[in-house]
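Below is one structure, written out as structure tokens; the observations come after it.
Note on naming: letters A, B, ... go to the chains in the order of the sequence lines (proteins, then strands), and numbering restarts at 1 for each one.
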Amino acid sequence: MNINNHNKVKLQLAGIIQEVFLTAEIEEPLQDIYNSIGFPPDAALGHYTYPCFNLSKKLRNAPNKISEQLAKGFTAGEVIDSVQSVGPYINFKIKSSFLGRVTCDEIENGQMFERHLIDAPPKTMIEYSQPNTHKELHVGHMRNLCLGDALIKLHRYCGYDIISATFPGDVGTHVAKCLWYFRYHNTEKVPVENKGTWLGSLYTKGHLQLEQDEGTPREAENKKQLSEILTQLEAQKGEFYDLWKSTKEWSVELMNQVYEWAGVHFDRWYWESDVDVSSTELARKYFEKGVFIESQGTIGVDLSEYNLGFCMLLKSDGHGLYATKDIELARRKFDDFHIEKSVYIVDKRQAHHFAQVFKVLEIMGYENAKKCYHLQYDYVELPDGAMSSRKGNIVPIMKLIDNMHEVVKKDYLNKYIGEWDQSEIDSTADIISKGAIKYGMIRIDPSRKIVFDMKEWLKIDGDSGPYLQYTYARINSLVKKLADEIKAGHDWSVLAEETELQLMVKLSEFNNQVVQACNEYKPNVLCNYLYELCKIFNNFYNVLNIRRTEDEVLKSTRVELTKCVAITLKKGLSLLGIPVPERM
RNA sequence: GGUCCGGUAGCUCAGCUGGAUAGAGCACCAGCCUUCUAAGCUGGGGGUCAUUGGUUCGAAUCCAAUCCGGAUCACCA
């Protein structure tokens, strides 16, 4: 069981509440008390709150009365500063010395980020990024990439042994269309740079050309040519096989360019071509065994009793389909790495496909089928509808990256020309672009659609990656600047301003939020948390002038608190795959 | 038609394991830089949480029905 009790402040408070309850002859499990503890809507009311509604039934008394009576049982101590009954709630203010000791000290010495968070996490493979070669990568692929990378980092932080895998589609009709256009229609020279992008444009042209030729005398000829290409690719010899091998590398180059930009690494690349032949063999074997059936000239499994329709695995021409390959791949994953769980990050349009694949695996008697999970996120579309490489109405990934770089420099960094090295301006622009794009992709709940509008994306104020990075850079400059001015040691107990206490309370929640983001496959939970942390910090920063704090101990303590925010922010952003600049 | 996912401010989204007056960002209005980075902060206007019913002391949150939008349902991937 994963009990999300990683907030030490709350846990201690729950223990105290339990003791006080016992003296009033109320028995409540610690975990129940912990789970009930919440945050008051207004920090002025308290830092944590315990609602008494649930006790109302047990004690047969009004929650207001219960709260009023129980509140009297609490006394200020090491943990609690004050207790107040407000209506049905018991509100607690926590001592800054305690908050500092179990939260800030642990952030500074690193213990906060090394806690045991989840019991016996299963060894897991996470498959994400399934782009096709011979097509261009667009911003839709970027969402998948950012989401997958964040989830892998979150899982690893929580103690999972994770294998990251990618499954690019390097075979199929899209490849044939691309090569067909390349061989029979293209008149342009192969560019020296960005061959992958250029190749992707040939696919689009090829598709459009074929569509145009439909119903004309050329249609039959086109089909013959396409069929010949596919035959050669299968036979793994001939002019088109050679062309496939070299052009595939161009696409891989583009993929690697994007992966390098994103800082992602795959432990395993599974190519669709790797499982092409073996998957159809497997399907035939299970047909001979009588597990798969023949229907209308095809071979597959009737899943209508599970309301999943018919899952076709061999076409009437004997070729396999996507499901055929995924069945073979699913087994390979477990064999190759002895994993205990297999996660697929693929957009929701594939929900039916994976439901079929997992069910077929089960029917094949494969027990690991139950350990497969399809994380279905909603995809990225344009204001005028879904993106489609076929139609050519896509926003290429590199275009977004390039535009972002340009805007960041033009609007924010060019003012440092002369003051900073050009290399620092460039690298900072890169970091900020990553913050803007990755945060933009991750901050939306995976189950929600993203409508991509370039103009909106290039606005990077408010709730954005650069806002968090700016907060970090600001702290970094501040701490550097004040390093020589610190003349005293720090003492958490001197912090008394509400905004300071709020910061500590927020910091204490870090691990809870990370675990939640991980368990629910929702990195956006962490985005929200970090954003709120920054909001509180920026308020603190504006309300209290740290540098002009006269009391030396207070000044030193405020600087320490500020450092804690920076450490936590950097850690949290790193779990989202977002780097931070030293200054910006 | 079946299944699945969404519907919260003008726009983009949080909040959804039920709890205090439904929150942010953008946009709009009014303030705050003789410098701890204004990519920031403070305040303001702006809501029938799609609709209706139900469960409950209490519903944006749970349940049911309806409406709207999207995805998907045999030879594409």
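- A distance of about 24 Å separates the C1' atoms of B:U34 and B:A30, rounded to the whole Å.
- Across every strand in view, B:A64 sits in a pair with B:U52 that passes the Watson-Crick or G-U test at under 3.5 angstrom.
- In this structure, A:Pro41 reaches the bases: a heavy-atom distance under 4.0 Å links it to at least one base atom across the strands shown.
- For B:C57, the base is not stacked against the aromatic ring of A:Phe53, per a cut-off of 5.5 Å between centres and 30° between planes.
- Sorted by first and then second residue, the ring-ring contact (aromatic ring centres under 6.0 Å, His included) pairs involving residues 466-486 of chain A (not counting sequence neighbours) are A:Tyr467-A:Tyr531.
- A heavy atom closer than 4.0 Å to some atom of RNA chain B occurs in A:Ile432, these being the qualifying members of residues 429-439 of chain A.
- Using a 4.0 Å heavy-atom cutoff across all strands shown, A:Asn91 reaches at least one base atom of the nucleic acid.
- There is a side-chain donor-acceptor pair under 3.5 Å between A:His207 and A:Lys177.
- Phosphate contact (OP1/OP2 of B:A39, side-chain N/O of A:Tyr470, threshold under 4.0 Å): present.
- No hydrogens or angles considered: nothing links the side chains of A:Glu509 and A:His6 as a donor-acceptor pair under 3.5 Å.
- When the nucleotides B:A74, B:A77, B:U42 are ranked by their closest atom to the side chain of A:Gln350, B:A77 comes out on top.
- Across B:U37, B:A14, B:A77, the shortest atom-to-atom separation from the side chain of A:Asp445 is found for B:A14.
- When the P atom of B:C75 is taken as reference, atom CG of A:Leu321 falls 9 Å away, rounded to whole Å.
- On the C1' atoms, B:A20 is 11 Å away from B:G58, given to the nearest whole Å.
- Residue A:Ser295 is in base contact, counting any heavy-atom pair closer than 4.0 Å across all strands shown.
- Judged purely by distance below 3.5 Å, without hydrogens or angles, the side chains of A:Asp213 and A:Asn222 pair a donor atom with an acceptor atom.
- The pair A:Glu485-A:Lys555 meets the salt-bridge criterion, since a charged nitrogen lies less than 4.0 angstrom from a carboxylate oxygen.
- Across every strand in view, B:C26 sits in a pair with B:G10 that passes the Watson-Crick or G-U test at under 3.5 angstrom.
- When the C1' atom is compared between B:C4 and B:U48, the two are found 29 Å apart, to the nearest whole Å.
- By the 4.0 Å N-to-carboxylate-O rule, A:Lys409 lies close enough to A:Asp426 to be salt-bridged with it.
- A:Arg349 forms a cation-pi arrangement with A:Tyr379, by the criterion of a distance under 6.0 Å to the ring centre and an angle within 45° of the ring axis.
- Pairing partner, B:G1: B:C73, with both Watson-Crick or wobble hydrogen-bond distances short of 3.5 Å.
- Considering only residues two or more places apart in sequence or on other chains, A:Arg474 meets the side-chain hydrogen bond (donor to acceptor under 3.5 Å, both in side chains) condition with A:Asn538.
- Put simply, CH2 on A:Trp420 is 10 Å from C1' on B:U37, counting in whole angstrom units.
- Residue A:Glu381 is out of contact with every strand shown, counting any heavy-atom pair closer than 4.0 Å.
- Separation of the C1' atoms belonging to B:G25 and B:U17 is 27 Å when rounded to the nearest angstrom.
- Of the two residues contacting RNA chain B, namely A:His353 and A:Met312, the nearest-nucleotide position lying further toward the 5' end is that of A:Met312.
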Across nucleotides 25-32 of chain B, 5' to 3', mark each nucleotide with B, S or - according to how protein heavy atoms within less than 4.0 Å reach it.
SS------
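- Using a 4.0 Å cut-off between a side-chain N of Lys or Arg and a carboxylate O of Asp or Glu, A:Arg390 and A:Glu211 do not qualify as a salt bridge.
- Nucleic acid contact class of A:Thr173 (heavy atoms, under 4.0 Å, all strands): sugar-phosphate only.
- For the pair A:Lys57 NZ and B:G18 C1', the interatomic distance rounds to 11 Å; values are reported in whole Å.
- In this structure, A:Tyr412 packs face-to-face on the six-membered ring of B:A39, meeting both the 5.5 Å centre cutoff and the 30° plane limit.
- Here A:Gln296 lies in heavy-atom contact (under 4.0 Å) with a base.
- If you take CE of A:Met404 and P of B:A39, they are 17 Å apart, rounded to a whole angstrom.
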Return a single string for nucleotides 1-12 of chain B, one symbol per nucleotide in 5' to 3' order, where B is base contact, S is sugar-phosphate-only contact and - is none, cutoff 4.0 angstrom on heavy atoms.
-SS-SSSB----
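- Between B:G43 and B:G1, the two P atoms lie 50 Å apart (nearest whole Å).
- Annotation: side-chain hydrogen bond (donor to acceptor under 3.5 Å, both in side chains) contacts of A:Arg284 (sequence neighbours excluded): none.
- Comparing the C1' positions of B:U37 and B:U21 gives a spacing of 36 Å, expressed to the nearest Å.
- Within the 4.0 Å cut-off from OP1 or OP2 of B:U72, not a single side-chain nitrogen or oxygen of A:Tyr379 is found.
- Distance check on atom P: B:U56 versus B:U12 gives 38 Å, rounded to whole Å.
- OP1 or OP2 of B:U42 lies within a sub-4.0 Å distance of a side-chain N or O belonging to A:Asn539.
- Summarising the local packing, CD of A:Glu294 is surrounded by more than 12 heavy atoms from other residues, nucleotides or ligands at distances under 6.0 Å.
- A glycosidic torsion no more than 90° from 0 defines the syn conformation; B:C62 lies beyond that range and is anti.
- At a threshold of 4.0 angstrom between heavy atoms, the contacts of A:Ala62 with the nucleic acid are absent.
- One side chain, A:Ser85 or A:Ser67, offers a donor N or O that lies under 3.5 Å from an acceptor on the other.
- As rounded to the nearest Å, B:A27 and B:C11 have C1' atoms that lie 8 Å from one another.
- Note: A:Phe167 and A:Tyr322 have parallel aromatic rings, judged against thresholds of 30 and 60 degrees for the angle between ring planes.
- For A:Arg349, counting side-chain heavy atoms from C-beta on, the closest listed nucleotide (B:A71, B:C76, B:C41) is B:A71.
- The pair A:Lys563-A:Glu560 counts as a salt bridge, with a side-chain nitrogen and a carboxylate oxygen less than 4.0 angstrom apart.
- Within 4.0 Å (heavy atoms only), A:Tyr467 reaches sugar-phosphate atoms of the nucleic acid but no base atom.
- Along RNA chain B, the nucleotide closest to A:Leu413 and the one closest to A:Thr49 are compared, and the more 5′ of them pairs with A:Thr49.
- In this entry the distance linking OH of A:Tyr270 with P of B:A77 reads 21 Å, nearest Å.
- Atoms CG (A:Asn528) and P (B:A22) sit 20 Å apart, rounded to a whole Å.
- Note on A:Lys481: a side-chain N or O is less than 4.0 Å away from OP1 or OP2 of B:U37.
- Among the protein residues, A:Pro88 comes within range of no part of the nucleic acid, since none of its heavy atoms lies under 4.0 Å from any strand.
- Spacing between atom CG of A:Leu468 and atom C1' of B:A39 amounts to 11 Å, rounded to whole angstrom units.
- Note that A:Lys248 lies in the cation-pi zone of A:Trp271, set by a 6.0 Å cut-off to the ring centre and a 45° limit from the axis.
- From A:Ile486, atom CD1 reaches atom OG1 of A:Thr557 across 9.0 Å, with rounding to the nearest 0.5 Å.
- The phosphate of B:C76 (OP1 or OP2) has a side-chain N or O of A:Lys315 nearer than 4.0 angstrom.
- Contacts of A:Leu313 with the nucleic acid, taken as non-hydrogen atoms under 4.0 Å apart, are absent.
- Rounded to whole Å, the distance from CD1 on A:Ile460 to C1' on B:G40 is 14 Å.
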